[in-house]
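Numbers for residues simply follow the sequence, beginning at 1.
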Amino acid sequence: MPLAVCATPIGNLDDVTLRVLAELREADVVLGEDTRRTRILLDRHGIEARLVSYHRHNEAGRTKEALERLGRGERVALVSDAGLPGVNDPGARLIAAAVGAGLPVTVLPGASAVETSLVASGLVGERYQFVGYLPRRAGELRELAAELARWPHPVVAFESPRRLPASLGVLAEVLAERPAAVCRELTKRFEEVVHGTVA
């Protein structure tokens, strides 16, 4: 059986594909970033599954265990708290290890905070760049802003609500008039998208 990399909802629990639900029902084990959050999703859809934690702090050991399970022919599903494992979430190590070991990997697509925010921003185009979480240090953020100033296409980045005002202030030093949007609570009841310039 291949390692099944399963996209999970980024907010609204109904934004999960039928294929992902079927895989989670059939899995011998579901590896989840935070098993409490994964349990909420499983309970919402009436799925009983064996959950095992798989996060940044235990990736090394859990990757070895997961490869052994896959090698025995067990059905292993990998999920993160929201979105697709491996994209700014734990999972890249396991996926690479499975590929490196010659084990099959299948990706069950679904909700994406990156693409959802890009479309909601109204700044969509044929090309965009995703830079993950913004650097915490102002100097590193200024370097990134200088790099992005040379990129004429939309850029998607993640930032915590607490750091957002300071980060926007640093970015505005270089990208003040660049069109921007801040998206929060996407797909949830209080979804909000604010449009303007970086400044």
Side-chain angles (χ1 to χ4, degrees), residues 1-11 13 15-17 19-45 47-117 129-141 143-144 147 155-163 167 186:
M1 300 297 308
L3 169 65
V5 181
C6 301
T8 57
I10 60 172
L13 294 180
D15 291 340
V16 63
T17 70
R19 188 172 167 217
V20 166
L21 292 175
E23 185 64 39
L24 295 175
R25 278 188 190 95
E26 296 298 320
D28 293 306
V29 64
V30 175
L31 302 179
E33 183 177 3
D34 181 338
T35 56
R36 295 166 300 185
R37 291 193 61 178
T38 303
R39 177 58 60 204
I40 292 169
L41 174 67
L42 297 178
D43 288 349
R44 169 71 173 82
H45 295 285
I47 298 171
E48 291 185 22
R50 178 162 184 248
L51 279 170
V52 173
S53 67
Y54 185 90
H55 48 73
R56 284 187 169 85
H57 304 293
N58 70 5
E59 271 186 302
R62 291 287 198 236
T63 294
K64 183 177 183 291
E65 292 171 23
L67 292 178
E68 290 169 358
R69 287 178 179 277
L70 290 164
R72 291 192 301 264
E74 289 186 39
R75 197 164 185 154
V76 178
L78 173 66
V79 300
S80 63
D81 288 348
L84 198 58
V87 179
N88 237 67
D89 279 328
R93 179 184 288 198
L94 175 55
I95 296 164
V99 169
L103 297 167
V105 174
T106 187
V107 178
L108 285 63
S112 165
V114 175
E115 292 175 347
T116 301
S117 60
Q129 183 177 24
F130 173 59
V131 297
Y133 279 97
L134 293 175
R136 290 176 182 242
R137 294 190 174 120
E140 292 174 8
L141 186 53
E143 288 176 21
L144 177 61
E147 178 184 328
V155 174
V156 178
F158 292 161
E159 185 57 287
S160 76
R162 178 177 87 257
R163 290 195 315 262
S167 294
L186 290 173

Would you check if the side chain of [X] reaches a backbone N or O of [Y] as a donor-acceptor pair within less than 3.5 Å?
{"X": "Arg62", "Y": "His55", "answer": "no"}
{"X": "His45", "Y": "Ile47", "answer": "no"}
{"X": "Thr8", "Y": "Ser80", "answer": "yes"}

With rounding to the nearest 0.5 angstrom, report the [atom1] to [atom2] distance, [X] to [Y].
{"X": "Leu31", "Y": "Arg50", "atom1": "CG", "atom2": "CZ", "answer": "9.5 Å"}
{"X": "Asp15", "Y": "Ser112", "atom1": "CG", "atom2": "OG", "answer": "12.0 Å"}
{"X": "Asp81", "Y": "Ile10", "atom1": "CG", "atom2": "CD1", "answer": "13.0 Å"}
{"X": "Glu26", "Y": "Leu24", "atom1": "CD", "atom2": "CG", "answer": "10.5 Å"}
{"X": "Leu103", "Y": "Met1", "atom1": "CG", "atom2": "CE", "answer": "12.5 Å"}
{"X": "Leu3", "Y": "Arg69", "atom1": "CG", "atom2": "CZ", "answer": "12.5 Å"}

For [X] and [Y], work out which heavy atoms get closest and say how close.
{"X": "Ala98", "Y": "Val105", "value": "CB-CG2, 3.7 Å"}
{"X": "Asn88", "Y": "Tyr133", "value": "ND2-CD1, 2.7 Å"}
{"X": "Val52", "Y": "Val29", "value": "CG2-CG2, 3.4 Å"}
{"X": "Pro9", "Y": "Ala111", "value": "CA-CB, 4.2 Å"}
{"X": "Glu59", "Y": "Gly91", "value": "OE2-N, 3.4 Å"}
{"X": "Ala7", "Y": "Gly110", "value": "CB-N, 3.4 Å"}

Inset, instruction - Test Ser53 against every option in Asn58, Thr38, Asp34 by the side-chain hydrogen bond (donor to acceptor under 3.5 Å, both in side chains) rule and name the one that passes. - result: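 Going through Asn58, Thr38, Asp34 one by one, the side-chain hydrogen bond (donor to acceptor under 3.5 Å, both in side chains) with Ser53 is satisfied by Asn58 alone.
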Compare all side-chain heavy atoms of [X] with those of [Y] and state whether any distance is below 4.5 angstrom.
{"X": "Leu51", "Y": "Leu42", "result": "yes"}
{"X": "Glu65", "Y": "Tyr54", "result": "no"}
{"X": "Thr106", "Y": "Arg19", "result": "yes"}

Inset, instruction - State which residue, out of Leu84, Leu94, Leu108, Val20, fulfils the side-chain contact (heavy atoms from CB on, under 4.5 Å) condition with Val5. - result: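 The side-chain contact (heavy atoms from CB on, under 4.5 Å) with Val5 is passed solely by Leu84 among Leu84, Leu94, Leu108, Val20.
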Inset, instruction - Tell me, yes or no, whether the heavy-atom count around Arg136 atom CZ, taken from other residues, nucleotides or ligands under 6.0 Å, exceeds 12. - result: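 Check fails, neighbour count at 12 or below.
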Inset, instruction - Answer yes or no: does atom CZ of Arg137 have more than 12 heavy-atom neighbours from other residues, nucleotides or ligands under 6.0 Å? - result: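 Not buried by this count: 12 neighbours or fewer within 6.0 Å.
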Inset, instruction - Answer yes when Glu68 and Lys64 have at least one side-chain N-carboxylate O distance shorter than 4.0 Å, and no when they do not. - result: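 Judged by the 4.0 Å cut-off on N to carboxylate O distance, Glu68 and Lys64 do form a salt bridge.
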